[in-house]
Visitor: 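The following block contains the structure, expressed as structure tokens.
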Amino acid sequence: MVKNMVTKAQIRKELLQKREELPENLCKELSTNTKGQLTTWEELQNRGYFYAYYPLGTELSLLPLIQWLLDTGRRVALPKTDGDNMDFYEIQDLNEVRKGQFGVMEPIGEQKVCWEDAICLTPGVGFSIDGGRIGHGAGYYDRYFERHPRLLKVGIAYEFQIVDHIPTEVTDIPLQWIVTPDRTIKTTKS
Ligand SMILES: Nc1nc2c(c(=O)[nH]1)N(C=O)[C@@H](CNc1ccc(C(=O)N[C@@H](CCC(=O)O)C(=O)O)cc1)CN2
Ligand SMILES: Nc1ncnc2c1ncn2[C@@H]1O[C@H](COP(=O)(O)OP(=O)(O)OP(=O)(O)O)[C@@H](O)[C@H]1O
């Protein structure tokens, strides 16, 4: 490894620390703003199928958005992991979750869905404008994206989570958009 190269693990650690320092009321406000960005985004208007996530700790919360999606008749599914695998399961109500692996709230449904043209609202620890993403380091989303190439891959990020450079591995699949509480960005590699 090149000596002065910042590794994924270093970036992950630093950004997770920053995220943990966010006060609760600010998380709430930024989550509401993110819902505002997404609900006014043209790309989302005509879509009916969404892969979202239930927030873990101080992750940027999609709960207000998910409620809006359900209220407007959209179909929503959340991820559930099993060993190295991750799949998505539909929810009709935000109460249909329970705590699972890694302490993540997972859907209780047993029937996995396969919506090849869905929008995948993707959590992450760090992002870059070229579509790079750092997660928790287990590779769940990259493996899922490899199996389902037609998904519209959208990173959900606090502004501070967008960094200049993310070292890539051959298995990393770039995101096409990044949505923050302030803006909606088309990535440069999409
Ligand atoms: N909200 C949300 N849901 C998600 C993800 C996510 O990043 N956010 N995932 C994205 O892939 C999957 C779950 N993957 C995860 C993998 C590791 C950790 C985690 O916190 N790991 C700890 C160590 C935990 C342990 O080993 O007990 C760590 O990184 O310190 C969390 C989620 C599916 N669901
Ligand atoms: N398509 C794939 N096939 C096999 N292994 C993969 C694939 N994608 C990623 N991996 C492996 O998974 C491990 C973690 O990958 P990476 O650091 O990109 O995870 P991450 O994106 O941070 O995590 P997550 O998606 O779970 O939030 C790496 O060792 C990587 O080689």
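Note that the numbering runs from 1 along the sequence shown for the chain. In each ligand, atom 1 is the first atom listed, and ligand 1 is the first ligand listed.
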Visitor: May I have the step-by-step check of side-chain contact (heavy atoms from CB on, under 4.5 Å) for Lys99 and Glu106, ending in yes or no?
Guide: CA-CA 6 Å; Lys99 202 172 261 197; Glu106 296 184 333; over 6 Å; no
Visitor: Under the 6.0 Å and 45° cation-pi test, does Arg47 pair with Tyr49?
Guide: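 That pair does not qualify as a cation-pi contact.
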Visitor: Tell me whether Lys112 is salt-bridged to Glu90, with the criterion being a basic N under 4.0 Å from an acidic carboxylate O.
Guide: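 Salt bridge flag = no for Glu90 with Lys112.
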Visitor: Can you tell me which residue and heavy atom of the protein come closest to atom 34 (N) of ligand 1, and the distance to 0.1 Å?
Guide: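 Of the protein heavy atoms, Pro79 CG, 3.6 Å lies nearest.
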Visitor: Does CG in Asp82 sit with more than 12 non-hydrogen atoms of other residues, nucleotides or ligands closer than 6.0 Å?
Guide: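 No, because the 6.0 Å sphere around CG of Asp82 holds 12 heavy atoms or fewer from other groups.
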Visitor: Please state which protein non-hydrogen atom is closest to atom 19 (C) of ligand 1 and give its distance, to 0.1 Å?
Guide: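 Of every protein heavy atom, His136 ND1, 3.7 Å lies nearest to atom 19 (C) of ligand 1.
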Visitor: Name the closest protein heavy atom to atom 13 (C) of ligand 2, giving the residue it belongs to and the distance to 0.1 Å.
Guide: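 So the nearest neighbour among protein heavy atoms is Gly137 O, 4.0 Å.
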Visitor: Identify, by atom number and element, the atoms of ligand 2 in contact range of His136, meaning under 4.0 Å from any of its heavy atoms.
Guide: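 Atoms satisfying the 4.0 Å criterion: 22 (O), 23 (O), 24 (P), 27 (O).
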Visitor: Calculate, to the nearest 0.5 Å, the distance between atoms CD1 and CG belonging to Ile11 and Asp164 respectively.
Guide: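 Going from the CD1 atom of Ile11 to the CG atom of Asp164 covers 10.0 Å.
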Visitor: Take Gln176 and Thr187 through the test side-chain hydrogen bond (donor to acceptor under 3.5 Å, both in side chains) and record every step on the way to the result.
Guide: CA-CA 5 Å; Gln176 291 144 302; Thr187 63; over 6 Å; no
Visitor: Quick check on Glu159: does its CD atom have over 12 non-hydrogen neighbours (other residues, nucleotides or ligands) under 6.0 Å away?
Guide: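 Counting other residues, nucleotides and ligands, CD of Glu159 exceeds 12 neighbours.
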Visitor: Would you kindly specify which portion of Met86 sits under 4.0 Å from ligand 1, judged on non-hydrogen atoms: side chain, backbone, both or neither?
Guide: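 Side chain only; the backbone of Met86 stays clear of ligand 1.
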Visitor: Judged on heavy-atom distance to atom 18 (O) of ligand 2, which of Met86, Glu169, Lys8, Glu146 sits nearest?
Guide: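 The residue whose heavy atom sits nearest atom 18 (O) of ligand 2 is Lys8.
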Visitor: Considering only non-hydrogen protein atoms, determine which one is nearest to atom 9 (C) of ligand 2 and report residue, atom name and distance to 0.1 Å.
Guide: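 Checked against all protein heavy atoms, atom 9 (C) of ligand 2 sits closest to Thr171 OG1, 3.4 Å.
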Visitor: Let me check something: do Leu70 and Tyr89 share a hydrophobic cluster, defined by ILVMFWY side-chain heavy atoms less than 4.5 Å apart, either directly or through other members?
Guide: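 No, Leu70 and Tyr89 fall in different hydrophobic clusters.
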Visitor: For Asp130 and Ser128: C-alpha separation, side-chain torsions, deciding distance, then whether side-chain hydrogen bond (donor to acceptor under 3.5 Å, both in side chains) applies.
Guide: CA-CA 5 Å; Asp130 62 1; Ser128 58; 2.5 Å; yes
Visitor: Identify the protein heavy atom lying closest to atom 2 (C) of ligand 2, giving its residue, its atom name and the separation to 0.1 Å.
Guide: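 Nearest neighbour among protein heavy atoms for atom 2 (C) of ligand 2, to 0.1 Å: Arg143 CG, 3.4 Å.
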Visitor: Decide side-chain contact (heavy atoms from CB on, under 4.5 Å) for Tyr51 and Leu78; before the verdict, give the C-alpha distance in whole Å, the side-chain angles of both, and the deciding distance to 0.1 Å.
Guide: CA-CA 6 Å; Tyr51 290 159; Leu78 299 177; over 6 Å; no
Visitor: Note the single closest protein heavy atom to atom 5 (C) of ligand 1, along with its residue, its atom name and the distance in Å.
Guide: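 Heavy-atom neighbour on the protein nearest atom 5 (C) of ligand 1: Pro123 CG, 4.1 Å.
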Visitor: Please state which protein non-hydrogen atom is closest to atom 27 (O) of ligand 2 and give its distance, to 0.1 Å?
Guide: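 Sorting protein heavy atoms by distance from atom 27 (O) of ligand 2 puts Arg133 NH2, 2.8 Å first.
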Visitor: List the closest protein heavy-atom neighbour of atom 4 (C) of ligand 1: residue, atom name, distance to the nearest 0.1 Å.
Guide: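 Among all protein heavy atoms, the one nearest atom 4 (C) of ligand 1 is Val104 CG1, 4.1 Å.
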Visitor: Tell me the protein heavy atom at minimum distance from atom 15 (C) of ligand 1, and give that distance in Å.
Guide: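 Result: Phe102 CD1, 3.4 Å.
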Visitor: Please determine whether side-chain hydrogen bond (donor to acceptor under 3.5 Å, both in side chains) holds for the pair Gln67 and Asp71, giving the CA-CA distance in whole Å, both sets of side-chain angles, and the decisive distance to 0.1 Å.
Guide: CA-CA 6 Å; Gln67 192 57 59; Asp71 290 346; 3.1 Å; yes
Visitor: Any ion pair linking Arg147 and Asp142 (charged N to carboxylate O, less than 4.0 Å)?
Guide: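 No salt bridge links Asp142 with Arg147.
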Visitor: So which protein heavy atom does atom 8 (N) of ligand 1 come closest to, and at what separation?
Guide: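 Heavy-atom neighbour on the protein nearest atom 8 (N) of ligand 1: Glu59 OE2, 2.8 Å.
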Visitor: Hey, is Gly135 one of the residues with a heavy atom under 4.0 angstrom from ligand 1?
Guide: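 In this structure, Gly135 fails to qualify as a contact of ligand 1 - no heavy atom is under 4.0 Å.
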Visitor: Note the single closest protein heavy atom to atom 9 (N) of ligand 1, along with its residue, its atom name and the distance in Å.
Guide: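 That would be Tyr141 CE1, 3.9 Å.
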Visitor: For ligand 1, is there an N or O atom under 3.5 Å from any N or O atom of Tyr54?
Guide: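 So ligand 1 has an N or O lying under 3.5 Å from an N or O of Tyr54.
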Visitor: Compare Gly135, Gly139, Pro167 and give the one whose heavy atom is closest to atom 12 (O) of ligand 2.
Guide: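 Answer by nearest heavy atom: Gly139.
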Visitor: At under 4.0 Å between heavy atoms, which part of Asp172 makes contact with ligand 2: side chain, backbone, both or neither?
Guide: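 Just the side chain.
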Visitor: So for ligand 1, is Tyr140 a polar contact partner (N or O within less than 3.5 Å, distance only)?
Guide: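 No - when backbone and side-chain N and O of Tyr140 are compared with those of ligand 1, no distance drops under 3.5 Å.
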Visitor: What are the atoms of ligand 2, with element, lying closer than 4.0 Å to any heavy atom of Arg12?
Guide: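 With Arg12 as reference, the close atoms of ligand 2 come out as 17 (O), 22 (O).
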Visitor: What's the separation between atom CD1 in Ile185 and atom CG in Leu175, rounded to the nearest 0.5 Å?
Guide: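 Atom-to-atom, Ile185:CD1 and Leu175:CG are 11.0 Å apart.
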Visitor: Below 4.0 angstrom, counting only protein heavy atoms, does anything approach atom 23 (C) of ligand 1?
Guide: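 No, there is none.
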